[in-house]
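One structure is given below, encoded as structure tokens.
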Amino acid sequence: MTRSPFRFYLLTLLLLLVSGAIIVCVFVLIVDPYGVYEIVRREHFNAVKPGLTRYQSQIKQEHALRLRPQFIILGNSRAEIGFDPRASAFAPLGGAGYNLAIPGTGLATSASQFAQLLQAGVKPHTVIVGMEFIDFLNPVAALPAPAATAAAPAQGRAFWRFDTLFSLASMRDAAHTLRIQHDGEAATLSPDGFNPLLEYGAYVRHDGYHKLFRQRAQESAASFKRKSKSGLATEDLLALRTFLLAMAATQADIKLVVYPYHAQILAMFESAGLWPLFEAWKQQVVLEVDAVKKQNPSASISVTDFSGFGPYNCEAIPTQQQRHASTRWYWEAGHFKKALGDIVMQRVMTQKDSASYANQFGMPLTSATLAANRDRIAAERSACMAAQPEMFEFSEKLFEKSLEDAPVRR
């Protein structure tokens, strides 16, 4: 009795499918585009990892759990791009650090990431948290609650691990990993979670910094217009206190950092009518810290304000004609460069409560220094406005009519 040819074909097809699946898994496993397996890591082969476009929080959390860092950095894209764990400021800590910051996320994600580290027995000695004012504002109109962007729960780990090993997307990312090993302008992520934003090099070369600043200003203006000026989000302030209490309970050294916004962003806060809330927010953050210290007297929590109109923040924006001009401190008003981030971290890590720090870049915020900090910013604003009046005029125009009608600095 002869065997059916269809059975042979089916077995052959099944064998081919299984073989193909194995080849895909082995390829992704060896190339390891997400840095999850670390079976093979060779220069010029797969040492450079591409920037994360999916499962960002899950993959970064996996990295941190494996590294068991002595210090961590939490926040949004400003922190991911600006704060490098390899900065010299962290050398005295004598241990590894990891940048857990995730673009487009807020305090809830940071709190979830910290909680998951604790659940795994990882207790960082130092926690640096980038504080984003915009996250504490209410929308103009009530909006449906967005889907949670916090770190993935434990029960979802099997799914994302499988999907990052066996999927068309993972295969594509593995092939992309091989291509970018010698590409100095590819989007990458360092082993310690830092995003050097190399891809901006191509944008700058093609379009110039003026266009980058202009585009970011347009995006920021649209975002600010959707924010209410009536008050801060109470639930976010409560979440901040809960998060601070959770960190303080581990005896971690907690360092809250008010980002060094470019002066253009601050001018837009003014034009959008958000400045009073910005000042109120800083005061409220200080009050929350004081409340936590009252509950936990041994808590080590500092707040440092790097916002303002000082020489760093007021860096000149190249004009439209200065297409090949460069900036030292900012990619655009929304994101500062590693060079400035290193200065910020050095300031944060060496800070001491002293009156000598008054009127310097990065001012410690306490109930006793809030007034002096306001005076500092007001004085800086006057100097910055005298140096760059066009920037303030441009910011005002963004909230009067469309960007296309706004004057371009010549």
Side-chain angles (χ1 to χ4, degrees), residues 29 32-42 46-52 55-76 79-103 105 107-130 149-158 160-161 164-165 188-196 243-257 298-302 338 341-342 345 348-349:
L29 195 69
D32 193 15
Y34 312 115
V36 173
Y37 305 105
E38 295 289 315
I39 296 174
V40 177
R41 186 178 182 84
R42 295 180 57 183
N46 70 339
V48 178
K49 304 298 184 184
L52 299 176
Y55 300 119
Q56 293 171 297
S57 191
Q58 294 93 329
I59 292 172
K60 278 200 162 187
Q61 194 76 21
E62 193 80 5
H63 292 172
L65 290 174
R66 182 176 64 235
L67 187 62
R68 304 184 74 84
Q70 293 295 306
F71 67 92
I72 59 173
I73 297 168
L74 302 171
N76 56 21
E80 186 189 53
I81 292 167
F83 299 150
D84 185 356
R86 292 166 294 180
S88 60
F90 299 116
L93 297 181
Y98 193 83
N99 188 324
L100 273 165
I102 304 292
T105 63
L107 203 63
T109 296
S110 297
S112 178
Q113 290 171 319
F114 184 79
Q116 288 194 49
L117 289 179
L118 291 186
Q119 290 171 7
V122 179
K123 294 184 178 181
H125 295 163
T126 302
V127 183
I128 298 164
V129 184
T149 56
Q155 62 267 27
R157 185 173 185 270
W160 76 259
R161 287 297 296 262
T164 54
L165 177 64
T188 63
L189 187 75
S190 73
D192 44 27
F194 174 67
N195 176 4
F243 185 28
L244 290 175
L245 286 170
M247 291 189 288
T250 69
Q251 301 302 309
D253 185 12
I254 307 161
K255 300 181 182 298
L256 306 184
V257 179
S298 64
S300 175
I301 310 175
S302 65
K338 167 182 158 57
D342 286 354
M345 289 297 97
V348 167
M349 298 306 298

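Every value quoted in this text rests on a predicted model; they were computed, and no experiment measured them.
- Remark: Phe243 pairs with no residue by the ring pair (Phe, Tyr, Trp, His ring centres under 6.0 Å) rule, at least two apart or across chains.
- The side chain to side chain donor-acceptor pair (under 3.5 Å) check on Asn76 picks up Glu132, Tyr259, with sequence neighbours excluded.
- For the pair Leu100 and His63, the minimum side-chain heavy-atom distance is 4.5 Å or more.
- Judged by distance alone, with hydrogens and angles left aside, the side-chain atoms of Lys49 form a donor-acceptor pair with the main-chain N or O of Asp32 at under 3.5 Å.
- Atom CG of Leu245 is separated from atom CD1 of Ile301 by 7.5 Å, given to the nearest 0.5 angstrom.
- Separation of atoms OG1 (Thr126) and CD (Gln70) is listed at 8.5 Å; rounding is to 0.5 Å.
- Side-chain contact check for Leu256 versus Leu244: some heavy-atom pair is nearer than 4.5 Å.
- We find the CD1-CZ distance between Ile59 and Arg161 to be 9.5 Å, quoted to the nearest 0.5 Å.
- The main-chain N or O of Tyr37 is never found under 3.5 Å from a side-chain atom of Arg66 such that the two would form a donor-acceptor pair.
- No hydrogens or angles considered: a donor-acceptor pair under 3.5 Å links the side chains of Ser300 and Asp253.
- Contact check for Thr105 versus Ser110: no side-chain heavy atoms found under the 4.5 Å cut-off.
- You'll find the side chain of Glu62 reaches within 4.5 Å of the side chain of Arg157, heavy atoms only.
- The minimum heavy-atom distance linking Arg68 with Ala120 is given by the pair NH1-O, 3.8 Å.
- Listed here is the closest heavy atom pair of Pro191 and Arg41: CG-NH2, 3.1 Å.
- Distance alone, capped at 3.5 Å, is enough to place a donor-acceptor pair between the Gln61 side chain and the Gln113 backbone.
- The distance from the CG atom of Asn99 to the CG atom of Asn195 is 9.0 Å, given to the nearest 0.5 Å.
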If you apply the rule side-chain contact (heavy atoms from CB on, under 4.5 Å), what do you find for Leu65 with Gln116, and how did you get there? CA-CA 9 Å; Leu65 290 174; Gln116 288 194 49; 5.9 Å; no
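- By the 30° and 60° cut-offs, the orientation of the rings of Tyr55 relative to Trp160 is tilted.
- We find the NZ-CZ distance between Lys255 and Phe71 to be 12.0 Å, quoted to the nearest 0.5 Å.
- Across all their heavy atoms, Leu67 and Gly97 have their closest contact at CD2-O, 3.5 Å.
- Taking a cutoff of 4.0 Å between a charged side-chain nitrogen and a carboxylate oxygen, Asp192 and Arg86 qualify as a salt bridge.
- The two residues Pro124 and Ala252 have their closest heavy-atom pair at O-CB, 3.6 Å.
- Closest heavy-atom contact between Phe194 and Ile81: CE1-O, 3.0 Å.
- For the pair Tyr98/Pro85, no side-chain contact is recorded, criterion being any heavy-atom separation below 4.5 Å from C-beta on.
- A heavy-atom distance below 4.5 Å is found between the side chains of Phe90 and Ile73.
- We find the CD1-CD1 distance between Ile128 and Ile254 to be 12.0 Å, quoted to the nearest 0.5 Å.
- Taking the side chain as every heavy atom from C-beta outward, Thr164 and Gln58 never approach each other to under 4.5 Å.
- Taking every heavy atom of both residues into account, Pro103 and Gln56 meet most closely at CD-NE2, 4.0 Å.
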Should Met349 and Leu93 be marked as a side-chain contact (heavy atoms from CB on, under 4.5 Å) after you check the CA-CA gap, both sets of side-chain angles, and the distance that decides it? CA-CA 9 Å; Met349 298 306 298; Leu93 297 181; 3.8 Å; yes
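- With contacts defined as side-chain heavy-atom distances shorter than 4.5 Å, the pair Thr250/Leu118 qualifies.
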